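Here's the structure we're looking at; comments come further down.
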Amino acid sequence: MTETTKTRFTPRIFSGIQPSGGLTLGNYLGALKRFAALQGGEAETIYCLVDLHAITVWQEPETLRLNIREAAAAFMAAGVDPAQSVLFNQSQVSAHAEMGWLFNTVARVGWMYRMTQFKDKAGKNTENVSLGLLAYPALMAADILTYQATAVPVGEDQKQHLELTRDIAAKFNHDYGVEQFPITEPLIEGVATRVMSLRDGSKKMSKSDPSDASRINLTDSADAIAQKIRKARTDADPLPGTTDGLKDRPEARNLVNIYAALADQTPDQVLSQFEGQGFGAFKPALADLAVTSLEPITKRMNDFMADPAEIDRILGKGAIRADEIATPILERTKEIMGLLRTRP
Ligand code: AQP
């Protein structure tokens, strides 16, 4: 963290997840588990369901509404406590969209075209995707900087967007000669910062992958989890004694990392336990561990989902609290930019 960021800004953690489908084991290990663990420290924690990001690709309105509630249930089931953290959905706090617009005028078009996620999602279709998909990282910068967040826990795939957030903050501060925004620190920690697809060790596990067998959903039954792990792509070699032996074995490395993250162990500790064993032995052990770890979460999610009105109340209350933090920062930003403020 830069010295100015450390001394000038209140420690504050922000992160979000798109409610663009059911959440996966990747979202849990790379994000949710970390979100819960960061509560109760010196930094205030603010967690958001980024529904404005989700609509950068088509979402069926009824499904989106359900996915927002289900994602909120997943956050809480994974240990995000609305009494300790601010929990809300992005579209209920208009400061995000407003700050996003201000940052559209700071960020450069070339920066956006360079984003790997845009290239992956747009593919060859760059002229026909929504303008929002291209501008996505400026809105993400707004999500973070509207709270002057000093740190953002994310998975490895979001590193490039975080760098862009830092570039936007630095350019704004430089252009206007102020220290309005911190240079936010990415917190990419643990062994599961990039959980890979169960079908292809070179692709990340993703909620929008067309193949359901590629991922473990937080709503999967014990049988489905066991079956997906049993069918996960692997090689025929036995497990090595240390992680050096996993270098050219992405699928094997992925399963070992998942085991380690679920067991709160290092991959080397896992390998010392399974050295010399094949996947015939390792996969059932991993399936048991995944089921034991995820079953209570799925059960708590279902309990929360049984009372959608309570979820709505929690998100509404969170949005009011988020708004209280965001609005003064947004107003000050507009003032700095010369946008006249005269409302009584
Ligand atoms: N496979 C993953 N391993 C580790 N972390 C992951 N995250 C996502 N996938 C993995 C982390 O989860 C947080 C929320 O991500 P997101 O839902 O906002 O968007 P995403 O990264 O694009 O995730 P998906 O599942 O791939 O969504 P879709 O398919 O809708 O694009 C982030 O912190 C991310 O790093």
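Just so we're clear, the structure is a prediction, and the values are computed from it rather than from any experiment. All values below were derived from every heavy atom in this structure, side-chain atoms included, with hydrogens, water molecules and symmetry-related copies excluded. One-based numbering, in listed order, for ligands and for the atoms of each.
Side-chain contact check for R108 versus K171: some heavy-atom pair is nearer than 4.5 Å.
Nearest protein heavy-atom neighbour of atom 33 (O) of ligand 1: G155 N, 3.2 Å. Given atom 14 (C) of ligand 1, the protein heavy atom at minimum distance is I17 CG1, 3.4 Å. Here the protein heavy atom with the shortest distance to atom 22 (O) of ligand 1 is K204 NZ, 3.4 Å. The single protein non-hydrogen atom nearest to atom 7 (N) of ligand 1 is N27 ND2, 3.8 Å, given as residue, atom name and distance. The nearest heavy-atom contact from the protein to atom 30 (O) of ligand 1 is S20 OG, 2.7 Å. The protein heavy-atom contact nearest to atom 29 (O) of ligand 1 is S208 OG, 2.4 Å. If you check which protein heavy atom lies closest to atom 18 (O) of ligand 1, you get Q18 N, 3.1 Å. Protein heavy atom closest to atom 35 (O) of ligand 1, with residue, atom name and distance, is D157 OD1, 2.5 Å.
Across the listed options K121, H161, K207, K121 owns the non-hydrogen atom lying nearest to atom 31 (O) of ligand 1. For atom 5 (N) of ligand 1, the nearest non-hydrogen atom from the set A261, P19, G26, S197 comes from G26.
The aromatic rings of Y147 and F14 lie parallel to each other, with less than 30° between the two planes, well short of the 60° mark. Note on ring orientation: taking the six-membered ring where Trp is involved, the planes of F282 and Y259 are tilted (angle from 30° to 60°).
Aromatic ring centroids of F75 and F88 lie 6.0 Å or more apart.
Checked by atom type, the side-chain pair S20/K207 shows a donor-acceptor distance below 3.5 Å.
Residue M205 places at least one N or O, backbone or side chain, under 3.5 Å from an N or O of ligand 1.
At a threshold of 4.5 Å between side-chain heavy atoms, the hydrophobic network of Ile, Leu, Val, Met, Phe, Trp and Tyr places V50 and L330 in two separate groups.
Contact between A54 and ligand 1 is absent, with no heavy atom of the residue lying under 4.0 Å from the ligand. Ligand 1 has no atom lying under 4.0 Å from any heavy atom of G21.
Close approach of ligand 1 to R194 (heavy-atom distance below 4.0 Å) involves ligand atoms 3 (N), 4 (C).
Scanning all heavy atoms of the two residues, the minimum distance from D235 to A252 falls at OD2-CB, 4.2 Å.
By the 4.0 Å N-to-carboxylate-O rule, E44 lies close enough to R12 to be salt-bridged with it.
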